[in-house]
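First up is the structure itself, then whatever we jot down about it.
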Amino acid sequence: MDSIYIHGGITLQGQVRVQGSKNAVLPVMAATLLTEGTSIIRNCPRLKDVYHMQTLLESLGCVTARDKETLKIRATDVDILHASKGMPEDAVRGMRSSIILLGALLGRLGEVRVEYPGGCVIGERPIDIHIEALKKLNVHFEEKSYGLYAYSSELRGAEIGLAVPSVGATENLILAAVRALGTTVIRGAAREPEIATLCEYLAACGADITGIGSSTLVIQGTKELAGTDFEIPGDRIVAGTYLCACMATGGEVLLKEAPIRQMQETILTAERMGAVCQKTKEGLYVQVEERLQSPQKLITAPYPGFPTDMQSPFLPVLALAEGECFVEENIFENRFHIVPYLEAMGADIRQIDARHVRVRGTEELTGSPVSAKELRGGAALVIAGVAARGETVVDGCKFIERGYENICRDLRELGVRIYGV
Ligand code: EPZ
């Protein structure tokens with residue numbers, strides 16, 4: 001799909017099922033490498049990054065099979081022979097999360113060759129925190145022409161303090177530490193729900209992890225882990241995106257299987273603005289009857305703070321709310337790419353510097369051709385198009401497809417006239 005055509009301006013009505021979480025399933029898939037058996041992963045979203053990870057696991061000797069939303073991974077035959085052949089470049093380059101294989105392969109084989117994942121449009125995204133933390137577990141790194149060679153004769157547990165609660169670095173540390181000798185204590189660990197999901201999967205496989213959900217994780221290394229049957233929770237950012245779509249247009253929607261407990265700050269912000277959000281047996285019910293009030297300030301922070309991934313989807317909502325809002329982005333240094341496009345659609349939005357924008361609510365947005373440059377910004381442009389009067393065409397939809405199985409199908413369920421070509 002290259003472009004999305006939207007005829008906007010209607011209020012949303014209906015119900016949609018929220019897909020499984022992308023950022024939870026990828027580390028769980030990497031973690032299967034640490035097991036000797038077969039894992040059944042349920043509610044696995046159908047996304048390019050997931051297919052890339054599946055290809056990478058197969059190149060390392062895993063046997064995988066997919067049936068609808070269920071993915072089976074048998075990691076019994078992972079060995080150095082497979083790993084030494086190298087991983088398919090397309091899959092490594094195509095997916096930043098391939099860096100998560102660092103911890104998993106160190107845990108399984110004691111060595112790994114990885115390419116530098118590289119930055120992306122939202123920021124430089126270095127991996128220095130991953131490397132420094134893994135060194136404390138007795139991992140050594142060598143710079144090679146292709147990237148990095150990491151190895152350890154024996155992973156040894158250690159006390160590690162993370163100065164920045166990096167999600168990826170915490171995941172890599174957990175993956176290596178579950179197979180290390182002795183105890184690892186990670187202080188200042190990221191607390192994003194995807195970390196808890198990874199720990200729960202590993203615990204179900206036999207790992208000994210305490211402090212799950214907190215910023216101090218204590219991991220007792222284990223020699224052997226078995227496979228398990230595991231369900232991936234709904235995607236909190238996809239659910240938040242559809243919540244924002246409803247906030248931008250008004251209406252009444254049910255977001256089935258939305259992981260409400262993981263969405264506290266997003267839901268709280270929506271409620272503060274005047275949206276009615278109710279937890280039901282099936283998911284999150286949202287009702288927006290009147291024009292919303294700006295929350296005045298929106299400041300992103302590590303979990304449980306307001307998520308950086310929800311910052312872009314909220315911009316079109318703020319552009320239509322009553323009042324002014326100051327937005328501060330504290331996680332990534334370049335996450336305001338959509339500002340000129342929102343301006344072109346009629347938003348009163350001004351970028352103050354790389355980390356700050358000010359949005360003054362206007363009554364209406366007008367459809368316009370726009371271009372997605374990255375995943376969440378792209379989804380935000382779709383929301384703007386859904387709310388705008390007239391037709392919006394969003395180009396660059398390959399970025400949106402990295403995180404949304406089928407955003408057009410989902411929004412059609414909610415009554416939007418939208419299709420992708
Ligand atoms: C994860 O990225 C998510 N990706 C991101 O989701 C999410 O925005 C981010 O966490 C924050 O919640 C996946 O789970 C696949 P970090 P990650 O390490 O792990 C800096 C989406 O749209 N940093 O917590 O890469 C880094 O540059 C995406 O689904 C270093 O400086 O995030 C960033 O500024 C985008 N050195 C900050 O820390 C390091 O070694 C947070 O990054 C590592 C990170």
Side-chain angles (χ1 to χ4, degrees), residues 19-31 45 47-50 52-53 56 94-103 114 116-136 141 148 150 160 162-175 186 188-198 215 232-233 235-241 262-263 265-266 300-314 329-335 337-338 354-355 372-380 399-405 407:
Q19 71 189 54
S21 163
K22 164 180 87 80
N23 291 347
V25 76
L26 293 170
V28 167
M29 287 173 77
L47 297 168
K48 206 179 253 173
D49 280 9
V50 173
H52 278 321
M53 182 61 96
L56 291 175
M95 186 187 61
R96 204 196 129 81
S97 316
S98 58
I99 195 64
I100 217 65
L101 292 171
L102 188 60
V114 281
Y116 283 114
C120 68
V121 73
I122 64 173
E124 276 302 315
R125 308 186 79 179
I127 54 167
D128 54 319
I129 302 171
H130 302 237
I131 294 173
E132 288 314 311
L134 285 168
K135 280 184 183 166
K136 303 226 165 85
F141 288 88
L148 272 185
I160 300 158
L162 294 179
V164 174
S166 156
V167 174
T170 305
E171 289 167 347
N172 259 328
L173 271 178
I174 294 167
L175 290 166
I186 310 174
R191 295 169 60 192
E192 269 66 6
E194 294 73 29
I195 308 269
T197 302
L198 172 63
S215 56
I232 300 294
D235 193 308
R236 64 190 170 108
I237 307 301
V238 171
T241 303
Q262 303 181 0
M263 297 172 66
E265 199 52 38
T266 301
T300 67
Y303 191 86
F306 186 85
T308 173
D309 294 342
M310 286 310 305
Q311 179 261 105
S312 300
F314 261 81
E329 170 57 56
N330 286 310
I331 310 298
F332 291 106
E333 61 271 25
N334 212 351
R335 230 176 178 181
H337 285 278
I338 63 169
R355 300 252 186 195
K373 305 277 187 253
E374 43 89 17
L375 168 57
R376 306 300 170 192
F399 293 110
I400 301 174
E401 285 177 315
R402 295 187 77 147
Y404 299 80
E405 270 188 358
I407 200 167

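Counting starts at 1 for both ligands and their atoms, in listed order.
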Test of understanding: given a 4.0 Å heavy-atom threshold, classify the contact between D309 and ligand 1 as side chain, backbone, both, or neither. side chain

Of I331, I129, D128, which meets side-chain contact (heavy atoms from CB on, under 4.5 Å) against V164? I129

Can you confirm, on distance only, whether ligand 1 has an N/O atom lying under 3.5 Å from any N/O atom belonging to [X]?
X    : value
R125 : yes
F332 : no
L375 : no

Where [X] and [Y] come nearest, the two heavy atoms and their spacing:
X    : Y    : value
F332 : R125 : CE2-NE, 3.6 Å
L26  : M53  : O-CE, 3.6 Å
A30  : L101 : CB-CD2, 4.0 Å
I237 : P307 : CD1-CB, 4.4 Å
G168 : I100 : O-CD1, 3.8 Å

Does the side chain of R236 pick up a donor-acceptor pair with the side chain of T266 at under 3.5 Å?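 No, no side-chain donor-acceptor contact under 3.5 Å.
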
Does either side chain, that of E405 or that of Q19, offer a donor lying less than 3.5 Å from an acceptor on the other one?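 Note: E405 and Q19 side chains miss the donor-acceptor criterion.
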
Which of the ligand 1 atoms, numbered from 1, are nearer than 4.0 Å to a heavy atom of [X]:
X    : value
P126 : 27 (O), 30 (C), 31 (O), 36 (N), 39 (C), 40 (O), 43 (C), 44 (C)
I331 : 33 (C), 34 (O), 37 (C), 41 (C)
R335 : 8 (O), 22 (O), 35 (C)
G168 : 18 (O), 19 (O)
T308 : 8 (O), 11 (C)

Is the shortest distance from a heavy atom of K22 to ligand 1 less than 4.0 Å? yes

Hey, does R376 sit under 4.0 Å from ligand 1 if you only count heavy atoms? yes

